Amino acid sequence: MARLDDQATPVGAGAPAAIAFPPSRIGSAYHPRGGEASVRALTSSEKQRLFEGHALFGILGPRDIDALLSHARFEHYRAGRLIFPKGSPGRSMMAVLAGSVRISTTSANGREAVLAILNAGEIFGEMALLDGGERTADATAMSDSDLLVIDQRDFIPFLKSRSDLCIEFLRLLSRRLRRTDELVETALFDRLDSRLARALVRLASDACSDSLPKPPFKLRVSQEELGGIVGASRENVNKQLRAWQRAGLLELAKRLIVIPDLDALEALI
Ligand code: CMP
């Protein structure tokens, strides 16, 4: 399938941050991969904040958080770094604590399809962890990102002891499948303007999932990435965005799209 698009949660501006720890304040198990880190243990309220609002781990109480953290490690990736490539063996799962991660796959002729953009509060790497197969896509840090990494041998026993966590996990996987179904449908049936409007509305709404939506919506996403999301060339995306700019529906800057009125864009879907 040439163009699977958007789980997309927005990038950068307005994205909900589940934690407010810069890398240097993350706790004792922190393994910096791209930067300096001074190390200290987290207090229990910091641990709780770490998971506040997290789609999967937000339901855990202090004891479970301690148990999970005792098996997990923190990793920091600078913007642009590959976290893992498609096809690599996957024996761990990652929770995004800060930053944003692009899930994508590249065709033989170098075209990238963006399957999802994941922000703080989301997880990835669960597919290979659960089925023991290879990674199904590349994962790349889009901005400086903090991840909590949990190995399969620790997470599966943890899941087995928590049926409520299993249900949350199934919910999350169902939501992803639902979105993937939607994007297959739109990729097959919708015109580019409609696909693009849908992707922008989703990016903007996901940015506000934890807060009241407040216009203007600022999306830090490149036109190339948008092309990867909607399955179109950067040139065609640019043409459409410029037409909308002329019509006053949005403003364009470098890696930035400002949407003053989301309803007007939604009306185009
Ligand atoms: P895994 O296959 O281990 O590694 C790549 C990860 O990307 C995968 O687990 C999922 O977490 C994530 N992923 C793959 N496809 C999608 C998709 N269509 N939507 C959202 N996330 C995906």
Side-chain angles (χ1 to χ4, degrees), residues 1-11 15-16 18 33 54-57 72-73 75 77 80-107 111-143 145-156 158-159 165-166 168-188 190 195 198-199 201-203 205-207 209 221 225-231:
M1 172 75 42
R3 46 159 124 100
L4 288 182
D5 102 333
D6 64 7
Q7 288 303 327
T9 33
V11 190
R33 286 220 170 164
H54 198 280
L56 189 60
F57 300 127
R73 62 187 182 276
E75 292 185 357
Y77 290 84
R81 283 205 52 174
L82 184 68
I83 299 165
F84 56 68
K86 179 175 176 177
S88 57
R91 297 290 172 267
S92 56
M93 187 185 87
M94 289 82 180
V96 185
L97 299 175
S100 54
V101 172
R102 185 172 69 244
I103 302 293
S104 63
T105 169
T106 305
S107 69
R111 236 176 113 183
E112 187 182 41
V114 180
L115 301 169
I117 294 175
L118 305 174
N119 289 315
E122 299 184 85
I123 60 154
F124 64 97
E126 77 293 344
M127 291 169 72
L129 175 127
L130 289 172
D131 72 7
E134 297 175 340
R135 295 295 188 197
T136 56
D138 296 334
T140 310
M142 290 181 76
S143 57
S145 300
D146 293 323
L147 306 180
L148 183 76
V149 184
I150 308 162
D151 288 333
Q152 185 188 45
R153 63 170 183 272
D154 300 315
F155 191 59
I156 297 296
F158 190 73
L159 259 190
L165 200 60
C166 291
E168 276 313 311
F169 215 89
L170 290 172
R171 261 196 206 117
L172 187 142
L173 294 177
S174 301
R175 270 199 306 273
R176 275 196 185 162
L177 189 56
R178 187 185 291 273
R179 282 196 167 188
T180 303
D181 285 355
E182 268 171 36
L183 74 90
V184 170
E185 205 175 300
T186 56
L188 290 174
D190 285 3
R195 297 205 305 275
R198 192 185 296 276
V201 169
R202 165 145 315 143
L203 285 166
S205 335
D206 285 352
S209 58
V221 62
E225 281 159 352
L226 266 180
I229 291 172
V230 300

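Computed from a prediction, not measured in an experiment: that's the story for all the values here. We count ligands from 1, going down the list as the structure has it; atoms in each ligand are counted the same way.
Between Gly90 and ligand 1 there is no heavy-atom distance shorter than 4.0 Å. At a 4.0 Å cut-off, not a single heavy atom of Ala139 sits close enough to ligand 1 to count as contact.
At under 3.5 Å, not a single nitrogen or oxygen of Leu129, backbone or side chain, sits near a nitrogen or oxygen of ligand 1. Polar contact check, Ala128 against ligand 1: a nitrogen or oxygen pair lies under 3.5 Å apart.
Note that the OG1 atom of Thr180 and the CG atom of Leu115 stand 7.5 Å from one another [nearest 0.5 Å]. To the nearest 0.5 Å, atoms CG (Leu82) and OH (Tyr77) are separated by 9.0 Å.
The backbone N or O of Arg111 sits less than 3.5 Å from a side-chain atom of Ser107, completing a donor-acceptor pair. The main-chain N or O of Leu56 is never found under 3.5 Å from a side-chain atom of Glu168 such that the two would form a donor-acceptor pair. Looking only at distances, no side-chain donor or acceptor of Arg102 sits under 3.5 Å from a matching main-chain atom of Met142.
Taking every heavy atom of Phe124 and a limit of under 4.0 angstrom, the matching atoms of ligand 1 come to 11 (O). Residue-ligand proximity, Thr180 to ligand 1, at heavy-atom distances under 4.0 Å covers atoms 18 (N). Ligand-side atoms of ligand 1 in range of Ala137: 5 (C), range being under 4.0 angstrom from any heavy atom. Against a heavy-atom cut-off of under 4.0 Å, Phe84 is close to the following atoms of ligand 1: 4 (O), 5 (C).
Residue contacts with ligand 1, taken as heavy atom pairs separated by less than 4.0 Å, involve Arg135 via backbone and side-chain atoms alike. With a heavy-atom cut-off of 4.0 Å, Thr136 touches ligand 1 through backbone and side chain alike. Residue contacts with ligand 1, taken as heavy atom pairs separated by less than 4.0 Å, do not involve Arg179 at all. The proximity of Ala116 to ligand 1, defined as any non-hydrogen pair under 4.0 Å, is limited to the side chain.
Arg73 pairs in a side chain to side chain contact (heavy atoms under 4.5 Å, CB included) with only one of the listed residues (Ile150, Asp151, Leu148, Leu147), which is Asp151.
Residues Arg171 and Arg175 are in side-chain contact: their nearest non-hydrogen atoms beyond the backbone lie under 4.5 Å apart. Using a 4.5 Å heavy-atom threshold, the side chains of Leu130 and Ile156 count as touching.
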